Amino acid sequence: MAKRTLSNLVSRGFAHSFESRVVSMQRFGQSLNYSTKISGDSDTHEDFRSTNKLEGSGISVQDVVQQDVKINPVMIYMKGVPDAPRCGFSALAIKVLQQYRVPISSRNILEDSVLKEGVKAFSNWPTFPQIFVKGEFIGGSDIVLSMHQNGQLKELLSDIKGDNSKPSGE
């Protein structure tokens, strides 16, 4: 009987989660509610919500972004890191940029929601990844891929120090 009751509870919980994104389970007369939504950060569950690393440092997010794009010839704000992208678009952008063997600097916007919003405000662009080359906002993975395909990216990156004599695979 305990197995059947547990099975029923789990089944009801999964069915309910698909309908309302909230799993409710009755256990010993108590209701337990779990949600993947957090006020203030609708993308992330509280357990995985990022922290503001700039808080109390006296440095603004705009200053950080401005400094990043100024001192790094190729800067990408992405989901994840170049060695472990956490989004297909970020992975595509990194793969294209790595073809040119230029140094790539990056920041993981999933680690800091304040940085994420600050980058959006700085570039006036709502999606990620966001790629900056020589201090200028280029765009996202689709634009970088298009520039790669038509030769503009090769020209843009040609004077950046690194082993960029030709894209790998050519």
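Being a predicted model, the structure only gives us computed values, none of them experimental. In what follows, residues are counted from 1 in the order of the sequence shown. The figures that follow rest on heavy atoms only: side chains count, while hydrogens, waters and symmetry mates do not.
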Quick one, [X] and [Y] - any side-chain contact, counting heavy atoms below 4.5 Å?
{"X": "Asp112", "Y": "Val61", "value": "no"}
{"X": "Asp142", "Y": "Leu92", "value": "no"}
{"X": "Lys79", "Y": "Phe89", "value": "no"}
{"X": "Lys120", "Y": "Trp125", "value": "no"}
{"X": "Ile160", "Y": "Pro103", "value": "yes"}
{"X": "Gln130", "Y": "Ile76", "value": "no"}

Would the number of heavy atoms belonging to other residues, nucleotides or ligands and lying under 6.0 Å from [atom1] of [X] be above 12?
{"X": "Lys134", "atom1": "NZ", "result": "yes"}
{"X": "Phe137", "atom1": "CZ", "result": "yes"}
{"X": "Asn124", "atom1": "CG", "result": "no"}

With under 30° as parallel and over 60° as perpendicular, where do the rings of Phe132 and Tyr77 fit, or are they tilted in between?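 Rings of Phe132 and Tyr77: perpendicular, over 60°.
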
Mind checking whether Tyr100 and His148 have parallel, tilted or perpendicular rings, split at 30° and 60°?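 The arrangement is perpendicular - the two ring planes meet at more than 60°.
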
Would you say Ile143 and Met78 are hydrophobically clustered, going by side-chain heavy atoms of ILVMFWY under 4.5 Å?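 Yes, it is one cluster - the side chains of Ile143 and Met78 are joined through contacts under 4.5 Å.
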
Nearest non-hydrogen partners of [X] and [Y], listed with the distance:
{"X": "Met75", "Y": "Asn72", "result": "SD-ND2, 3.7 Å"}
{"X": "Val133", "Y": "Ile131", "result": "CG2-CG2, 4.1 Å"}
{"X": "Gly80", "Y": "Leu110", "result": "N-CD1, 4.0 Å"}

Run Leu145 and Ser141 through side-chain contact (heavy atoms from CB on, under 4.5 Å) and show every step you take. CA-CA 6 Å; Leu145 178 60; Ser141 60; over 6 Å; no

Verify side-chain contact (heavy atoms from CB on, under 4.5 Å) between Ile138 and Leu156, making sure each step is shown before the conclusion. CA-CA 10 Å; Ile138 301 304; Leu156 183 63; 3.7 Å; yes

Does the pair Val64 and Arg107 meet the rule for a side-chain contact (heavy atoms from CB on, under 4.5 Å), with working shown? CA-CA 11 Å; Val64 169; Arg107 285 198 190 261; 3.7 Å; yes

